[in-house]
Amino acid sequence: MKIKDSVVTFNSLIKRRGFIWGPSPEIYGGLAGFYSYGPAGMALKNNIMALFRKELRYFGFGEVECPTIMPSIVWEASGHLERFIDPVIRCSKCDTLYRVDKFLQEVLPDLLVDGLSNDEMEKLIEQHNLTCPKCGTPFNKIESYNLMLKTQVGNNVDAYLRPETATTTYLLFNRLDQDARRQYPIKVYQFGKVYRNEISPRQGVLRMRAFDQFELQLFISKQQEMDFEDYEEIKTNKLPLLDWKLQEKNLDKPQLISLENAIKKELLKKPAYAYCLYVGYYLTKILGIPEQVIRFRQHSINERAHYADDAWDLEIETKQFGWVEICGIHDRTDYDLRRHSEFSKQNFEVSMGSDPKIKEIPQVLEIAFGIDRIIYTLLENAFNVEEGRIVLKLDPQLAPNTVAVFPLVRNKEDIRNLAIKAHKDLLENRLGSFFDSAGSIGKRYRRQDELGTPFCITIDYESLEDNSVTIRERDTMDQIRVDISKISKAIKLRLKI
RNA sequence: GCGCUCUUAGUAUAGUGGUAAGUAUGCCAGGUUGCCAACCUGGCGACCCGGGUUCAAUUCCCGGAGGGCGCACCA
């Protein structure tokens, strides 16, 4: 294949090598917003999650998993039924769709549109004789565009597929409170599928209708938010922050600033929230994403979700799509727990300090990753074209294959057998080894380069003499010889495991 | 969702109202090969779906699905 345009080459690589396929189901023409992962993509995803799980154990987080379907009342309480359903008006002539509230606010800037019912908004349209800005035609009635997918459970009980994992985690609050023996902050996370009925999904896996979230939650007291032990250990770390004041000045370069200073300068209000930014940054960095393409962008006040007191997005710069949000860090206050407490009639007030008489509903800080976006941005950043070679420079721990084993030539039985033996030995050591004897040796190296395999082992004629093999390193293409009995050890050493 | 535009092997593309839909790469089998997409032999593989016009449609027309771009949307 000719390597011309790198974006085209990249997009075809993703498909050819079995990372991501779709829209699914491809054989039926596909449904927009749905994608499948091939073996390489899934291996990558699993490796990312394995790494995250290991790291989160270190940070003191436990993992939970909840159903992806929840009854209506949950979404009433969470505010999603009210806020996740967009009221829209449609032009009766040109069929253009407008968000009613946004449209009204734009046309009638002096009015407080927020919180008006559909009837009230319809009245406003009538009163002011508002028509479609495009063609001047009157509007139809207000319709609802529901971003949540509705379904029915059992005997016609209305339920919704969850649009985020976070809410389902909050529903476990009283269990978690017991489970953690009231040791606050409680740190938990959930990984799993969520569903959003996007109006027009685009940009491949960046905006899917079914995707994986990986959301971390801190249940924490107000006092701890301001005086947080874990913060002290990390406060000198510098993060690239682009607050909304900078954005208002039309700047898009973040300032590299220590969390300590960010608090001092009131870019950030709470040390515990600053800690969340750090965790998000840390998890992104250990995937091998370079600093230069990472920034935190603060939401402006009207960009924020209904539950958020402060919100920063961790964004990664991509060639194809510009800055892409891969993680949202939200100060959700006590909004969620308060609402679920009200709707479920449970008492979520707990004593979180030394005085048992002082009770409060915990605050929630959230670090929400979109795993599929991580995978896309990671692949794009790892993708390199160098003098005719396509290579994915993935972190060795994340690569779909850790090591590939080749006989130098296919038709010499002794060499082949020795190669198979080496391959099996790696597998015995539970290292992700892949055996290939097809085509020339160079071809096999190239195949593995495209998959991001960090190490290739070649068994040659010399191996038959002295039991030594070559280890070829992906990024430099350098080779060293090691004894065949020491391959697994050598690979583990390089993986730092 | 609206407008414009596109859709041909796994990937990237050429082309056609009619008898074998071409090329590159890939893949498979075999040969060759003493370390970076080499070579030889043989083989595999495609006109997005539905309807219409036509003696005949992958090609023209209509509709649908999907992709790209612009608008809207993206709590």
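Letters go in sequence order (proteins before strands), and every chain restarts at 1. In this text the structure is predicted, and so the values were computed from the model without any measurement.
Nearest-nucleotide positions on RNA chain B for A:R373 and A:G442 put A:G442 closer to the 5' end. When each of A:A32 and A:I27 is assigned the nucleotide of RNA chain B with its nearest heavy atom, A:I27 is the one assigned upstream, toward the 5' end.
Spacing between atom CZ of A:R446 and atom P of B:C36 amounts to 9 Å, rounded to whole angstrom units. Look at CD1 on A:I459: it is 16 Å from C1' on B:C36, rounded to the nearest Å. Taking atom CZ of residue A:R410 and atom C1' of nucleotide B:U32, one finds them 10 Å apart after rounding to whole Å. Note: CZ (A:R481) to P (B:G34) measures 15 Å, nearest angstrom. Distance CD (A:E315) to C1' (B:C74): 14 Å, rounded to an integer number of Å. B:C36 atom C1' lies 16 Å from atom CD1 of A:I457, rounded to whole Å. Note: CG (A:N11) to C1' (B:G67) measures 11 Å, nearest angstrom. A:D436 has its CG atom 13 Å from the C1' atom of B:C28, to the nearest Å.
B:G15 and B:A56 have their P atoms separated by 27 Å, given to the nearest Å. Comparing B:G26 with B:C71, their C1' atoms sit 40 Å apart, to the nearest whole Å. Straight-line distance between the C1' atoms of B:A24 and B:A14: roughly 11 Å, to the nearest whole Å. Comparing B:C48 with B:U33, their C1' atoms are spaced 42 Å from each other, to the whole Å. Nucleotides B:G22 and B:G70, compared at atom C1', are 35 Å apart to the nearest Å. Nucleotides B:U11 and B:G52 place their P atoms 30 Å apart, quoted to the nearest Å. B:G34 and B:G43: their C1' atoms are spaced 30 Å apart (whole Å). The same atom, P, is picked in B:C60 and in B:U41; the two are 38 Å apart, to the nearest Å.
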Under the ring-ring contact (aromatic ring centres under 6.0 Å, His included) criterion, do A:F191 and A:F369 qualify, and how do the steps go?
CA-CA 9 Å; A:F191 167 75; A:F369 281 96; over 10 Å; no
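Within the 4.0 Å cut-off from OP1 or OP2 of B:U32, at least one side-chain nitrogen or oxygen of A:N411 is found. In this structure, A:S440 reaches the B:A38 phosphate: one of its side-chain N or O atoms is under 4.0 Å from OP1 or OP2. The side chain of A:R209 contributes no N or O atom lying less than 4.0 Å from OP1 or OP2 of B:C73. A sub-4.0 Å separation between OP1 or OP2 of B:U11 and a side-chain N or O of A:R16 is absent.
Residue side chain A:Y461 meets the stacking definition with respect to B:G34: its ring centre sits within less than 5.5 angstrom of the base's six-membered ring centre, and the planes differ by less than 30 degrees.
If you check every strand for non-hydrogen atoms under 4.0 Å, A:Q479 touches a base. Residue contacts for A:R202: at a heavy-atom cut-off of 4.0 Å it reaches a base atom on one of the strands shown. A:E450 comes within contact range of at least one nucleobase, with a heavy-atom separation under 4.0 Å.
Not a single donor-acceptor pair, N or O on each side, falls under 3.5 Å between the base of B:C36 and the side chain of A:R474. Evaluation of atom-type donor-acceptor distances gives no pair under 3.5 Å for the side chain of A:Y28 against the base of B:C48. Checked by distance alone, A:R444 brings no side-chain donor or acceptor within 3.5 Å of a matching partner on the base of B:C36.
Using a 4.0 Å cut-off between charged side-chain N and carboxylate O, A:R339 and A:E76 make no salt bridge.
Relative orientation of the A:F173 and A:F219 rings is tilted, given thresholds of 30° and 60° on the angle between their planes.
Heavy atoms from other residues, nucleotides or ligands lying under 6.0 Å from NZ of A:K489 number 12 at most.
The nucleotide whose nearest atom lies closest to any side-chain atom of A:L31 is, among B:G66, B:A72, B:A12, B:G66. Side-chain proximity of A:R472 to the nucleotides B:C36, B:A12, B:G1 is greatest for B:C36. Closest to the A:I390 side chain, of the nucleotides B:U11, B:C35, B:A37, is B:A37.
Remark: the A:Q247 side chain and the A:D252 side chain contain no N/O donor-acceptor pair separated by less than 3.5 Å. Remark: the A:T169 side chain and the A:Q190 side chain contain an N/O donor-acceptor pair separated by less than 3.5 Å.
Aromatic rings from A:Y445 and A:F406 are positioned such that their centres are separated by under 6.0 Å. Side-chain rings of A:Y376 and A:F321 approach one another, their centers coming within less than 6.0 Å.
In RNA chain B, runs of at least 3 stacked Watson-Crick or G-U pairs (N1-N3 plus N6-O4 or O6-N4, or N1-O2 plus O6-N3, all under 3.5 Å) give these stems: B:1-7 with B:65-71, B:10-13 with B:22-25, B:26-31 with B:39-44, B:48-52 with B:60-64.
At least one test fails for A:R297 against the ring of A:W312: distance under 6.0 Å to the centre or angle within 45° of the axis.
Applying the ring pair (Phe, Tyr, Trp, His ring centres under 6.0 Å) test to A:F19 and every residue at least two apart in sequence or in another chain returns nothing.
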